[in-house]
Amino acid sequence: MPHPASHALIVIDVQNGFCPGGALAVPGGAEIVPGINAAMEDFAHVILTQDWHPAGHSSFASSHPGRTPYEVIDLAYGAQVLWPDHCIQGTEDAAFHPDLATDRARAVIRKGMTPSVDSYSAFFENDRTTPTGLDGLLRTLEITDLTLVGLATDFCVNFSALDAARLGYRVRVEEELTRAIDLDGSLAGARMQMQAAGVDIV
Ligand code: VGL
Ligand code: ZN
């Protein structure tokens with residue numbers, strides 16, 4: 001069923017780096033690609049996000065001597081999980097999954113480009129204040145309703161959904177078209193946070 005033009009599909013980080021074989025592979029990450037391509041047909045507006053880090057990014061464990069991936073450290077803006085080096089600008093790891101129907105996208109929002117700040121959300125960097133520009137794009141297109149799909153449910157999809165709800169959008173997460181990293185219960189935590197924020201998880 002097609003959605004009205006006020007409704008956009010936001011496809012979060014469906015990149016090689018988050019699919020099996022990638023640097024930060026999410027279990028089953030590639031499985032959601034056909035369903036996302038099919039969902040795109042129902043939307044007038046499709047927007048993709050792309051995790052797009054400079055080499056040596058502060059979210060990489062390799063940038064912090066003595067640290068290993070999945071440790072949590074304190075950065076200037078708060079707690080930060082350290083990740084394996086992933087989605088470095090211009091690499092195959094940062095490219096979209098080859099089967100993703102990227103031709104349908106109106107815009108690609110790149111994030112995580114500030115060397116000292118990570119960015120899970122499609123709207124704001126992890127300092128929760130530096131904008132990516134997505135909110136302005138959606139507002140000028142008079143979009144009020146968002147459906148979120150992609151990777152990973154408990155990080156970039158969750159943070160994007162929470163920011164979208166805070167900004168006043170009606171937000172749906174199509175859980176079948178997401179996959180999670182699930183570190184220490186982060187998926188259950190993400191579901192609770194999204195529900196508390198009024199996000200519709202379907
Ligand atoms: C993501 C961890 C680090 C994500 C991106 O797309 O969920 N997670 N960078
Ligand atoms: Zn990242």
Side-chain angles (χ1 to χ4, degrees), residues 9-33 36 47-64 67-73 75 77-97 100 102 108-128 130 132 134 146 148-164 171 173-175 177-191 193-194 199 201:
L9 180 68
I10 314 288
V11 181
I12 306 285
D13 297 1
V14 180
Q15 297 167 253
N16 291 325
F18 300 116
C19 292
L24 181 38
V26 179
E31 295 167 10
I32 63 177
V33 173
I36 290 175
I47 291 159
L48 311 179
T49 71
Q50 192 171 27
D51 210 37
W52 195 251
H53 297 304
H57 191 259
S58 60
S59 73
F60 298 167
S62 65
S63 302
H64 304 271
R67 301 293 181 167
T68 53
Y70 309 108
E71 276 185 62
V72 180
I73 64 163
L75 292 183
Y77 50 84
Q80 172 67 50
V81 179
L82 295 178
W83 304 106
D85 289 22
H86 66 278
C87 296
I88 293 174
Q89 297 171 4
T91 63
E92 260 312 289
D93 199 63
F96 290 113
H97 187 284
L100 186 70
T102 57
V108 175
I109 300 290
R110 287 176 167 164
K111 60 186 186 62
M113 300 177 67
T114 304
S116 59
V117 186
D118 204 3
S119 188
Y120 295 146
S121 165
F123 293 92
F124 296 101
E125 298 187 355
N126 283 11
D127 61 8
R128 310 311 296 271
T130 307
T132 62
L134 177 58
L146 305 179
L148 272 58
V149 298
L151 304 169
T153 325
D154 42 347
F155 286 92
C156 290
V157 174
N158 178 38
F159 278 70
S160 299
L162 297 178
D163 279 345
V171 189
V173 169
E174 190 119 13
E175 210 177 13
L177 297 180
T178 72
R179 291 292 184 274
I181 297 174
D182 206 11
L183 282 180
D184 293 327
S186 57
L187 177 57
R191 281 202 193 106
Q193 287 177 312
M194 288 192 279
V199 173
I201 304 175

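All ligand and atom numbering here is 1-based and tracks the order in the structure.
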Check: How close does the nearest protein non-hydrogen atom get to atom 6 (O) of ligand 1, and which residue and atom is it?
Finding: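 Protein heavy atom with the smallest distance to atom 6 (O) of ligand 1: Asp13 OD2, 2.6 Å.
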Next item on the list: Could you check atom 4 (C) of ligand 1 against the protein and tell me its nearest heavy-atom contact, residue, atom and distance included?
Entry: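 The closest heavy atom on the protein side is Cys156 SG, 2.7 Å.
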Check: Which bit of Val26 is near ligand 1, meaning a heavy atom under 4.0 Å away: side chain, backbone, both or neither?
Finding: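 None of Val26 does.
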Next item on the list: Less than 2.8 Å from the Zn ion (ligand 2) is the window; count the protein N, O or S atoms in it.
Entry: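 With waters ignored, the protein N/O/S count below 2.8 Å is 3.
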Next item on the list: Identify, by atom number and element, the atoms of ligand 1 in contact range of Phe155, meaning under 4.0 Å from any of its heavy atoms.
Entry: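 In order of numbering, the contacting atoms are 7 (O), 8 (N).
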Item checked: Element-labelled atoms of ligand 1 that are located less than 4.0 Å from some non-hydrogen atom of Ala152 ->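 Result: 4 (C), 6 (O), 7 (O).
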Note to self: Using heavy atoms and a 4.0 Å limit, tell me yes or no: is Gln15 in contact with ligand 1?
What the structure shows: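 Distance cut 4.0 Å: Gln15 fails for ligand 1.
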Check: How long is the span from the CG atom in Asp51 to the CD1 atom in Ile109, to the nearest 0.5 Å?
Finding: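 So the CG of Asp51 and the CD1 of Ile109 are separated by 13.5 Å.
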Checklist line | Identified salt bridge (charged side-chain N to carboxylate O under 4.0 Å, His left out) counterpart of Asp13 within the set Lys111, Arg110, Arg179 | finding: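 Among the candidates, only Lys111 passes.
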Item checked: Glu92 atom CD, neighbour heavy-atom count above 12 within 6.0 Å ->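 Check fails, neighbour count at 12 or below.
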Next item on the list: Give the single entry among His86, His57, Lys111 that approaches atom 3 (C) of ligand 1 most closely by any heavy atom.
Entry: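 Among His86, His57, Lys111, the closest heavy atom to atom 3 (C) of ligand 1 belongs to His86.
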Check: Where does the angle between the aromatic ring planes of Trp83 and His86 fall among parallel (under 30°), tilted (30 to 60°) and perpendicular (over 60°)?
Finding: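 The arrangement is perpendicular - the two ring planes meet at more than 60°.
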